[in-house]
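Everything numeric here is computed off the predicted structure, so don't read it as measured data. Proteins get letters first, then strands, A, B, ... in listed order; numbering begins at 1 in each.
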Amino acid sequence: DTEVTQTPKHLVMGMTNKKSLKCEQHMGHRAMYWYKQKAKKPPELMFVYSYEKLSINESVPSRFSPECPNSSLLNLHLHALQPEDSALYLCASSRLNGVTYGYTFGSGTRLTVV
Amino acid sequence: DAKTTQPNSMESNEEEPVHLPCNHSTISGTDYIHWYRQLPSQGPEYVIHGLTSNVNNRMASLAIAEDRKSSTLILHRATLRDAAVYYCILGAGKSTFGDGTTLTVKP
């Protein structure tokens with residue numbers, strides 16, 4: 001299995017809702033990432049997990065809450081989002097040193113906040 | 001993080017070679033150079049990476065300047081399916097995407 005699977009593919013949520021994005025990989029990668037991508041812009045790093053521990057948080061607002069329950073699974077919990085949070089949310093994984101070995105990305109979750 | 005600079009857009013004719021440049025003048029000695037591409041409505045896809053020597057794989061070739069301050073992704077025969085945004089990234093610990101190059105392939 002050489003894929004990163006993200007669910008759901010599309011999500012529409014209200015500003016008072018709580019929802020979660022899910023990301024799964026079975027490649028034995030021990031680093032996992034969340035990126036946010038606005039239209040016609042490059043992906044922006046949000047969080048990095050190494051060995052299931054949060055290692056990088058790029059000053060992301062607390063309405064985004066990541067979780068890594070095990071080495072194959074990464075969640076992003078969403079609460080009280082704003083319309084400007086609408087974007088494509090990408091998950092990626094890599095061997096521990098992604099810059100040496102490269103990243104595998106999922107197809108993303110297209111989030112719309114109404 | 002070291003920064004990369006790429007042209008905003010490039011055009012190519014189908015079945016012709018394409019050379020996509022990337023400047024990274026502040027690269028450190030341990031930074032690998034990675035290339036990814038992103039098709040519409042998809043996540044980025046790994047293309048190729050290297051450290052110092054030129055690299056080849058089934059998708060492309062990567063030519064790295066001797067001083068490592070620039071690199072070039074070479075698609076030997078562009079097809080319509082190669083139309084995408086191409087990102088050159090590097091760094092240690094975390095990688096920042098630059099704005100990338102939008103490649104248009106004309107039939």
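Ranked by heavy-atom pairs under 4.5 Å with chain B, the list A/Ser55, A/Ala92, A/Pro42 is led by A/Pro42. Residue with the most contacts toward chain B among A/Pro43, A/Ser107, A/Gly106: A/Pro43 (heavy-atom pairs, distance under 4.5 Å).
Here OG of A/Ser94 is found 9.5 Å from CE of A/Met32. Values are rounded to the nearest 0.5 Å. To the nearest 0.5 angstrom, B/Ile89 atom CD1 is 6.5 Å from B/His34 atom NE2.
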Working for side-chain hydrogen bond (donor to acceptor under 3.5 Å, both in side chains), residues B/Ser61 and B/Asn56:
CA-CA 4 Å; B/Ser61 295; B/Asn56 300 298; 2.5 Å; yes
I'd like to know whether A/Thr104 forms a side chain to side chain contact (heavy atoms under 4.5 Å, CB included) with A/Glu3, so could you lay out the CA-CA distance, the side-chain angles of the two residues, the decisive distance to 0.1 Å, and finally the verdict. CA-CA 7 Å; A/Thr104 302; A/Glu3 288 186 346; over 6 Å; no
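Here the closest heavy-atom approach between residue B/Ile64 and residue B/Gly50 is recorded as CD1-C, 3.9 Å.
At a 4.5 Å heavy-atom cutoff, the contact between A/Gln37 and chain B is made by side-chain atoms alone. Using a 4.5 Å cut-off between heavy atoms, B/Glu45 makes no contact with chain A at all. With a 4.5 Å cut-off on non-hydrogen atoms, A/Lys40 does not touch chain B at all.
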